[in-house]
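Convention: sequence-line order gives letters A, B, ...; per-chain numbering from 1.
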Amino acid sequence: MRVSHLMLVTLRDDPAEAEIASHRLLLRGGYIRRIAAGVYAYLPLLWRVLSKINAIVRQEMDRTGALETLLPQLQPAELWERSGRWQGYTAGEGIMFHLIDRQDRALGLGPTHEEVVTALAADLLRSYRQLPVCLYQIQTKFRDEIRPRFGLMRGREFIMKDAYSFHADPTSLADTYLAMDQAYRRIFQRCGLRTVAVEADSGAIGGSASQEFMVTAEVGEDLILSSPDGCYAANQERAVSMAPPALPLDPNVSTGVVATPGQGSIAALSEAHGFAPSRILKVLLLLARFSGLPAQPVLVCLRGDQQLNEVKLRNALVATLADPSHPLLELLPIAAEQLESEGVAALPFGFLGPQLDDAVLEGANHWRRQFLRLADPSVAELDRFVCGANQLNQHLVVDGWPALTPLPELVDLRSAQPGDPCLHDPQQRLVACRGIEVGHIFQLGRKYSEALDARFTTEAGTDEAFWMGCYGIGVSRLAQAAVEQHHDGKGICWPVAIAPFELIVVVANGQDPDQLSLAERLYGELRAAAVDVLLDDRSERAGVKFKDADLIGIPWRVVVGRGAATGMVELVERVSHASEELPATDLLARLLPRLVAGRRGLEIS
RNA sequence: CGGGGCGUGGCGCAGCUUGGUAGCGCGGGUGCUUUGGGAGCACUAGGUCGCAGGUUCGAAUCCUGUCGCCCCGACCA
């Protein structure tokens, strides 16, 4: 390909809309253009990158025996109603684009394809003899993200590889799950990305085991907690740890009421009375809204030095209260103004204790008039603690739980923090880093197959629901994550395996016939040697071409310049800037081994 | 949705406070010169100042409404 035919439009200034390096570079390098919030055109240069990623993904998926397919993006609401997800995905904070057609039928634009693929499985797969089956597709997905951002990182329209497997039993599911884990590691390694696999929350998709693949990067939206010995890594949403031991309460402090004027926060209490935050009981009031049910007030107890993990709380609520026909729509802290409009008497926020009586909910118009009471296990061990007295400006020093009120149901609700001891080895302390989620694999179990009545006949002749797994890779996100991980002050440094071109031949002076003819000759030879080569034949000055080559990030550059008359060229590596002069006749021999190594991706360590 | 900010030639911005001929840099076109790290000179094209109302003799500027976008939080590949 010649640059003069590439429709290459690079920008000299940073576009105002872009915040992070990868987004800026993709815009400046002429890879993407924004069409609407979270909606981007993939320009020819990026499409080449995406095609290379897709090719790697296909090879590795095919290698596992998965079958490529293409499922509809326009999906009937009825299918989603059967799985119980239509409400959750369209109402409230739902992310599914949906529409009504001319016949008044409701349709959704596919954010994911469990429903469609499960319905197909129900139709096509009748016998255990046909199992296991794994279907995958590479396709545009639509999600009306609450806040699209960072270019392709969180778009409302994006490219995803999604795969779904169907099994006769959990063992077969576990086998495929493991095969996918291995395939994913190969895919990211071949793309030249440093990734870490972490335990993950399975979120809205549902299911049991789940693992995410994170591209490590400062700007990642996810926080990863891991142990230095490499035995444990998890998304903070999911991470577990030991709470650091609670500090003792001063034995001279007597049990009973403490006046705490204006000291409605852990910090203020601790400062005024010397109570260790780990001995102060934090009581949070939240409201869980379920579709079609009265809102449920939730009272959560945590140690004062710990933070609530909202994902864990949501999961606990769903596990205890929700069912598919009443999905959890929203979980929010209860605000003072809300109490009034609900008809509930004001509560002494900042001075709440776990003994707060259900009677305070008596006037509630729409809420359930009984708290769901949950506590993190770290509070159970406190033999003495400080908590609110449920009176303004008063706290209590209490001799343990039974003395005050029964211990609420214990559920892990804490956010694990960097520095916390690990469960597998308390000597190990969790450390934090940030990551961009590029892949996620789940063992779904029978959630969808049961909801959609997708059954097969077992060897014993009985009918059973399929065991299912699902496996996603954010292809367009991966491309941008690669830029985030591989760039410098001058531009992108694509890994060879996914670079739009492997090498660019730059003619320093387009007026010089020697340079032109040598460059043309090399261009021909390189193409004949199956090198993915770009020829910068524009009538620009050398400086402009060098800047553009660096910006768009072609891994190798051959400069045909002053030495052309004597057959000499310069070979430059983009990442290291290392350059060498060599006879043009030696170029292929010098370059090819390095190119071939680069095409393999990261070396496996 | 809550909070913050921005909409002025293709891109980056100034002008708005204090209403009065719409500007700068980059980019585009033509010509000459230049030619190994975003060239110089000359000429040139290109803007309903997001949109709709209002105030005013007069609105990019003031007021009201509306739409779009970006950033911080709740969502996820």
Side-chain angles (χ1 to χ4, degrees), chain A residues 9-20 23-24 27-28 30 33-39 57 88-89 92-96 111-113 138-163 184 200-205 212-215 221-222 235 237 286 310-311 314 329-333 335 436-442 470-481 490-491 506-512 515 539-551 557 559-564 569-570 572 577 579:
Chain A
V9 179
T10 56
L11 304 174
R12 189 181 288 219
D13 297 311
D14 280 330
E17 71 186 67
E19 198 70 10
I20 63 174
H23 187 195
R24 280 201 302 267
L27 283 166
R28 278 192 56 206
R33 280 295 159 105
R34 194 183 62 78
I35 300 301
V39 179
V57 169
Y89 267 70
E93 308 248 287
I95 54 157
M96 182 151 63
T112 175
H113 281 74
I138 298 174
Q139 192 202 43
T140 297
K141 291 279 187 278
F142 298 90
R143 292 185 189 173
D144 194 358
E145 290 288 340
I146 301 162
R147 180 148 94 90
R149 67 184 130 174
F150 302 147
L152 307 182
M153 286 296 191
R154 182 176 297 283
R156 297 195 298 165
E157 181 178 325
F158 59 98
I159 300 174
M160 176 166 160
K161 185 285 299 179
D162 51 329
Y184 273 39
D201 182 72
S202 44
I205 309 285
E212 288 168 336
F213 294 84
M214 300 283 196
V215 170
E221 293 186 84
D222 289 281
N235 194 311
E237 293 174 352
L286 299 100
E310 212 180 292
V311 173
R314 276 173 185 266
L329 295 179
E330 175 172 72
L331 174 67
L332 290 171
I436 301 163
E437 181 189 354
V438 291
H440 201 158
I441 58 179
F442 304 81
C470 81
Y471 320 91
I473 290 181
V475 173
S476 44
R477 177 186 282 183
L478 187 154
Q480 187 171 332
K490 294 181 170 180
V506 175
V507 188
N509 182 350
Q511 314 295 305
D512 183 333
Q515 294 186 17
S539 58
E540 290 289 347
R541 297 163 59 86
V544 173
K545 298 189 197 179
F546 293 152
K547 291 284 187 198
D548 276 343
D550 286 346
L551 176 61
R557 185 174 85 202
V559 186
V560 181
R562 286 193 278 258
V569 296
E570 184 185 15
V572 187
H577 304 115
S579 82

Between the side-chain atoms of A:Arg154 and the base atoms of B:C76, is any donor-acceptor pair under 3.5 Å? yes
Relative to the 5' end of RNA chain B, which residue comes earlier, A:Ala508 or A:Phe150, by the nucleotide with the nearest heavy atom? A:Ala508
Check: A:Ile20 and A:Gln480 side chains under 4.5 Å, non-hydrogen atoms: yes
Give me the distance, rounded to whole Å, that separates B:A39 from B:G27 when you measure between the P atoms they each carry. 7 Å
Re B:A42: Watson-Crick or G-U wobble partner, both distances kept under 3.5 Å, found to be B:U30
Expressed as a whole number of angstroms, how long is the span from A:Glu145:CD to B:C70:P? 13 Å
Any donor and acceptor pair, going by atom type alone, linking the side chain of A:Gln515 with main-chain N or O of A:Gly561 inside 3.5 Å? yes
Between B:C62 and B:U55, how far apart are the two C1' atoms, rounded to whole Å? 8 Å
Span that lies between the C1' atom of B:G5 and that of B:A22, in whole angstrom: 24 Å
Under 4.0 Å between any heavy atoms, over every strand shown, what does A:Val544 touch: base, sugar-phosphate, or nothing? Just pick one. base
Categorize A:Glu17 for me: base, sugar-phosphate, or nothing, with a 4.0 angstrom heavy-atom threshold over every strand shown. sugar-phosphate
What I'd like to find out is whether the side chain of A:Glu157 reaches to under 4.5 Å of the side chain of A:Ile35, using heavy atoms alone. no
Output the rounded distance in Å from CZ (A:Phe142) to C1' (B:C76). 16 Å
Could you check which nucleotide pairs with B:A59 in any of the strands shown, counting Watson-Crick or G-U wobble with both distances under 3.5 Å? none
Establish, for the pair A:Arg477 and A:Phe158, whether the NZ or CZ atom is under 6.0 angstrom from the six-membered ring centre and no further than 45 degrees off its axis. no
Does B:G12 have OP1 or OP2 under 4.0 Å away from a side-chain N or O of A:Arg28? no
Any A:Phe546 side-chain heavy atom under 4.5 Å of A:Val559 side chain: yes
Considering Watson-Crick and G-U wobble pairs with both distances under 3.5 Å, what does B:A14 pair with? none
Result for 5'-nearest mapping on RNA chain B, choosing between A:Asp14 and A:Glu570, is A:Asp14
Please determine, for B:A22, whether a Watson-Crick or G-U wobble partner exists with both distances under 3.5 Å, and give it or none. none
Over how many whole Å does the gap from A:Leu331 atom CG to B:A74 atom C1' extend? 10 Å
If only atom types and distance count, is the side chain of A:Arg156 paired as donor or acceptor with the main-chain N or O of A:Phe142 below 3.5 Å? no
Atom pair distance, as rounded to whole Å: CD in A:Glu157 and P in B:C75: 23 Å
With a 4.0 Å cut-off on heavy atoms, is A:Gly510 in touch with a base, just the backbone sugar-phosphate, or nothing at all? nothing
Side-chain atoms of A:Arg149 come closest, of B:A39, B:C75, B:A77, to B:C75
Within a strict 4.5 Å, meaning less than it, do heavy atoms of the A:Thr112 and A:Arg143 side chains meet? yes
Distance check, P atoms only: B:C49 and B:U8, in whole angstrom units. 11 Å
Roughly, in whole Å, what's the span from CG in A:Asp512 to P in B:U34? 15 Å
Between CG of A:Asp144 and P of B:C75 the distance, given in whole Å, is 15 Å
Under 4.0 Å, counting only non-hydrogen atoms across every strand here, what does A:Glu212 touch: a base, just sugar-phosphate, or nothing? nothing
Would you classify A:Val475 as touching base, sugar-phosphate or nothing, given that sugar-phosphate means primed atoms plus P, OP1 and OP2, and contacts are heavy atoms under 4.0 Å? nothing
Among B:G38, B:G36, B:A77, the one nearest A:Arg477 by side-chain distance: B:A77
Report the nucleotide, chosen from B:G25, B:A74, B:G37, that has the shortest atom-to-atom distance to any side-chain atom of A:Phe546. B:G37
Answer for the Watson-Crick or wobble partner of B:G73, both distances under 3.5 Å, is B:C1
Side-chain donor/acceptor contact of A:Asp13 with base of B:G27 under 3.5 Å: no
With a 4.5 Å cut-off on side-chain heavy atoms, are A:Arg562 and A:Asp512 touching? no
Say you pick atom P in B:U61 and the same atom in B:G9; how far apart are they, in whole Å? 15 Å
B:G3 and B:G65: how far apart are their P atoms, nearest whole angstrom? 15 Å
Of the candidates B:G37, B:G38, B:C76, the side chain of A:Glu437 sits closest to B:C76
Across the strands shown, which category fits A:Asp548 at heavy-atom distances under 4.0 angstrom: base, sugar-phosphate, nothing? base
Scan every strand shown for a Watson-Crick or G-U wobble partner of B:A52, both distances under 3.5 Å, and answer none if you come up empty. B:U64
Take the protein atom CG of A:Asn235 and the nucleotide atom P of B:A77, then report the distance between them rounded to whole Å. 11 Å
Spacing of the P atoms in B:U21 and B:G31 (rounded, Å): 37 Å
Nucleotide nearest A:Arg147 (side chain, heavy atoms from C-beta), chosen from B:C75, B:G12, B:A74: B:A74
For A:Arg12 and B:C26, is the shortest distance between a side-chain N/O and OP1 or OP2 below 4.0 Å? no
Picking from B:A74, B:C69, B:A77, which would you name as closest to the side chain of A:Ala36? B:C69
For B:G54 versus B:C13, give the span between their C1' atoms, rounded off to a whole number of Å. 30 Å
Using a strict cut-off of less than 4.0 Å between a Lys/Arg side-chain nitrogen and an Asp/Glu carboxylate oxygen, indicate whether A:Asp162 and A:Lys141 qualify as a salt bridge. yes
Heavy atoms under 4.0 Å, any strand shown: does A:Arg33 hit a base, just sugar-phosphate, or nothing? nothing
Any idea which of B:A77, B:G38, B:A74 is nearest the A:Ile146 side chain? B:A74
Looking at the side chain of A:Arg34, which of B:C69, B:U34, B:G27 is the nearest nucleotide? B:C69
d(CG, A:Leu478; C1', B:C76) in whole Å: 15 Å
Base, sugar-phosphate alone, or nothing: which one does A:Tyr471 contact when heavy atoms must sit under 4.0 Å apart? nothing
Compare the minimum distances between each of B:G38, B:C76, B:A74 and the side chain of A:Asp222, then state the nucleotide with the smallest one. B:C76
Measuring from the side chain of A:Gln511 (C-beta onward, heavy atoms only), which nucleotide among B:U35, B:A77, B:C69 has the closest atom? B:U35
